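See structure below.
Letters A, B, ... mirror the listed sequences (proteins, then strands); counts begin at 1. What you are looking at is a predicted structure, and each value in this text was computed from that prediction instead of being measured.
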Number of protein chains: 2
Amino acid sequence: MKTLKYSRQRESIKTCLMARHDHPTADALYTSIREEFPNISLGTVYRNLNLLVELGEIQKLTCGDGADHFDADTSPHYHFVCRKCGQVYDLPMEPMDSINHLAQKHAEGQVDSHKIYFYGTCNDCLENN
Amino acid sequence: MKTLKYSRQRESIKTCLMARHDHPTADALYTSIREEFPNISLGTVYRNLNLLVELGEIQKLTCGDGADHFDADTSPHYHFVCRKCGQVYDLPMEPMDSINHLAQKHAEGQVDSHKIYFYGTCNDCLENN
DNA sequence: CTAACTGCAAAGGTTTTGCAAGCGC
DNA sequence: GCGCTTGCAAAACCTTTGCAGTTAG
């Protein structure tokens, strides 16, 4: 077990992610952070995001558009992904705790968690046709 | 709209995928197909897999382990992903058709479909500790 | 003959990693 | 000072693409 040390970069990455609600990719976050730390490297952003995911302080979203997205909200909730623009939205609906047990009955193993992604077209893309 | 032409390679890719139930990655499928077509290229495998996905004949699974997996079963069903070995299993549970409507009430857009991935440890990995 | 398809190889995009220097404790 | 962290750059990895040759209709 390795001991964590404070780092201004990690602090900033977490703060910045908590302040946004658009579930940025590592690269988008990197662009933001560079306003405060012009010399930070993309490798550092990735290393810290992975570290924060391991610590359970943030979560990684793999919604199928190529790059992973990150979310500072680790409470159970679901996401809506626009297939046109790729934007990822929080979905303020009740988490379905019971479906882990439902899945458990049919799974060939121990079920711990689940993720749900809803797909469709967001209002912005519907309007701008 | 472009017209499709028959190709032995595409035929073989689909047949091979239908015969397996382990949701292979493009590369794993490529290795299999090479037994029948030693000269097939990975690019051809990707091109045809994407084509088959567009046609709705197979589906792509993005479960978060880096590479996409493919599934010849396009009927609505869910998947169980082992976090230890990365194996993807079919989950023979009832599809929850109603949750699209549930999500629709809270979504900032038009919801078309959803995917659910359950995560945990598969029996093989539990046994081999 | 024409347009779709192929193999090959190169390029593209995302993420990880090795290394020497820097910094927290 | 020790060891975690950083910046940089290279590498690894997965997927797409350009091209010239092949094949189905």
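Nucleotide D:dT5 holds its P atom 12 Å from the CD1 atom of A:Ile13, rounded to whole Å. Atom-to-atom, CZ of A:Phe37 to P of D:dT5 comes out at 15 Å; the value is rounded to the nearest Å. Taking atom OH of residue A:Tyr30 and atom C1' of nucleotide C:dT16, one finds them 15 Å apart after rounding to whole Å. Residue A:Leu51 contributes atom CG, which lies 16 Å from atom C1' of C:dT15 at whole-angstrom precision. One can place CG of A:Asn48 at 15 Å from P of D:dC4, the figure rounded to the nearest angstrom. Remark: C1' of C:dG24 and CD of A:Glu11 are 14 Å apart, rounded to the nearest angstrom. Spacing between atom CG of A:Leu49 and atom P of C:dT14 amounts to 15 Å, rounded to whole angstrom units.
With A:Ser12 as reference, A:Ile33 is the one residue of A:Ile33, A:Val45, A:Asn48 to meet the side-chain contact (heavy atoms from CB on, under 4.5 Å) rule.
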Contact string for nucleotides 8-19 of chain D, one letter per nucleotide 5' to 3', B = base within protein heavy-atom range under 4.0 Å, S = sugar-phosphate only, - = neither, reads B-----SBBBB-
Protein heavy-atom contacts under 4.0 Å, written 5' to 3' over nucleotides 20-25 of chain D as B (base), S (sugar-phosphate only) or - (none), form the string ----BS
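Rounded to 10°, the angle separating the first-five-pair axis and the last-five-pair axis of the helix from C:dC1-D:dG25 to C:dC25-D:dG1 equals 30°.
Taking B:Tyr117 as the reference, nothing meets the side-chain hydrogen bond (donor to acceptor under 3.5 Å, both in side chains) condition, with sequence neighbours excluded. By the ring-ring contact (aromatic ring centres under 6.0 Å, His included) test, A:His77 pairs with A:His79, sequence neighbours left out. For A:Asp22, the side-chain hydrogen bond (donor to acceptor under 3.5 Å, both in side chains) partners two or more places apart in sequence, or in a different chain, are A:Arg20. B:Asp73 is linked by a side-chain hydrogen bond (donor to acceptor under 3.5 Å, both in side chains) to B:Ser75, counting only residues two or more places apart in sequence or in another chain. Every side-chain hydrogen bond (donor to acceptor under 3.5 Å, both in side chains) that B:Thr44 has, sequence neighbours left out, goes to B:Ser41.
Sequence neighbours left out, the pairs with a member in residues 6-18 of chain B that pass salt bridge (Lys or Arg N to Asp or Glu O under 4.0 Å) are B:Lys14-B:Glu57. Every pair tested for salt bridge (Lys or Arg N to Asp or Glu O under 4.0 Å) that includes a residue from residues 25-43 of chain B fails, sequence neighbours excluded, so the list is empty.
Contact of the B:Cys122 side chain with the B:Cys85 side chain is registered, since non-hydrogen atoms from C-beta on lie closer than 4.5 Å.
Phosphate contact (OP1/OP2 of D:dG7, side-chain N/O of A:Gln9, threshold under 4.0 Å): present.
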Distance-only donor-acceptor hits, side chain of residues 61-70 of chain A, under 3.5 Å, sequence neighbours excluded:
unit_1: A:Thr62; atom_1: OG1; unit_2: A:Asp68; atom_2: OD1; d: 3.2
unit_1: A:Asp65; atom_1: OD1; unit_2: A:His69; atom_2: NE2; d: 3.4
unit_1: A:Asp65; atom_1: OD2; unit_2: A:His69; atom_2: NE2; d: 2.9
unit_1: A:His69; atom_1: ND1; unit_2: A:His23; atom_2: O; d: 2.8

In residues 94-101 of chain A, what donor-acceptor pairs under 3.5 Å come from side-chain atoms, sequence neighbours left out?
unit_1: A:Asn100; atom_1: OD1; unit_2: A:His114; atom_2: ND1; d: 2.8
unit_1: A:Asn100; atom_1: ND2; unit_2: A:Asp112; atom_2: O; d: 3.4

